[in-house]
Amino acid sequence: MARVALVTGGQRGIGAAISEGLQAAGRTVVASYAGNDAAAKAFTDRTGIPCYKFDVADYAQCAEAIAKIEAEVGPIEILVNNAGITRDATMRKLNRDMWDAVMDTNLGSCYNLCKLVWEGMNARKFGRIVNIGSVNGQAGQYGQVNYAAAKSGIHGFTKALAQEGAKLGITVNAVAPGYVDTEMVRAVPPDVLEKIIARIPRGRLGKAEDIARGVVFLTADDADFVTGSTLSINGGQHMY
Ligand code: CAA
């Protein structure tokens, strides 16, 4: 039986490429999404990958969704915590709601979903968890105190949980993407983005598939000796 993989935010941007990469690697993939029904339907129609709608920041919604996915599709053996948002602003304009939204969605979601699949992975003595961090969680970024804190938190979360998973057959790794050509990055003011691209030694934005390739590697059955690592995929923008 193909292993079941859940990719949060798995129907758009980097998440869609991860979902399709895992599907191509022979996994049974399900994706979660927060609100864009039209994008989810188009994604399912194109790929056959089912999409489940729930808010990854809300523990009760996650619990209900995980139970539903496991009943309808099977036990989740691969979890990719990809869902994330930005609320960029300099400190003077960064209000508490913008802080909370990013912390809850980007970092709180990792707790919610790992917590909910952990016992099952433990019982089966197999699990692959990949958390999507960011170059901006490694290096910081002007106007992203909230996002950098959440993504940096993901890197710490990953290393701590990897230590607990190691003896259980559960690997926990992070991928730290650089600037990838997605809607999120296209929302950066063009003059700012131009300066950022000028600092990427590879000379271009990343492609979503560049990130998916790393996730497929880290979730392979025979990648069991790779745990607690952060795979930077950023065109050389930051060497960590
Ligand atoms: N370094 C130094 N100064 C900077 C700066 C930088 N990198 N970026 C902006 N500034 C300065 C401007 O020059 C301006 O200065 P003056 O007032 O002296 O002219 C000032 O900051 C503007 O500050 P404001 O508070 O008025 O902010 P704003 O409303 O213009 O917006 C911003 C500021 C939100 C930071 C905006 O510049 C922005 O969106 N920057 C991009 C942030 C970014 O890279 N986000 C990444 C999104 S993609 C992602 O997150 C995916 C991933 O994982 C990589």
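No experiment lies behind these values; they were computed from the predicted model shown. All ligand and atom numbering here is 1-based and tracks the order in the structure.
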May I have a table of the N/O to N/O pairs between ligand 1 and the protein that fall below 3.5 Å, each row giving the two atom names and the distance to 0.1 Å?
unit_1, atom_1, unit_2, atom_2, d
ligand 1, 21 (O), Y142, OH, 2.8
ligand 1, 25 (O), T90, OG1, 2.6
ligand 1, 26 (O), K93, NZ, 3.1
ligand 1, 29 (O), K93, NZ, 3.1
ligand 1, 44 (O), Q141, NE2, 3.3
ligand 1, 44 (O), Y179, OH, 2.7
ligand 1, 45 (N), D88, OD2, 2.7
ligand 1, 45 (N), Q144, NE2, 3.4
ligand 1, 50 (O), Q144, NE2, 2.9
ligand 1, 53 (O), S134, OG, 2.7
ligand 1, 53 (O), Y147, OH, 2.7

Which pairs would a plain distance check flag for residues 118-126, meaning a side-chain donor or acceptor within less than 3.5 Å of a matching protein atom at least two apart in sequence or in another chain?
unit_1, atom_1, unit_2, atom_2, d
N122, OD1, K125, NZ, 2.8
R124, NH1, G120, O, 3.4
R124, NH2, I76, O, 3.1
K125, NZ, N122, O, 2.6

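For R27 and D221, the salt-bridge test passes: some basic side-chain N is under 4.0 Å from an acidic carboxylate O.
Every residue meeting the salt bridge (Lys or Arg N to Asp or Glu O under 4.0 Å) condition with R12, not counting sequence neighbours, appears here in chain and number order: E183. Here K41 pairs with D45 under the salt bridge (Lys or Arg N to Asp or Glu O under 4.0 Å) rule; sequence neighbours left out.
At a threshold of 4.5 Å between non-hydrogen side-chain atoms, the residues I132 and I154 do not count as touching.
In summary, of the residues considered (R204, K207, R186), a salt bridge (charged side-chain N to carboxylate O under 4.0 Å, His left out) with D181 occurs for R186 alone.
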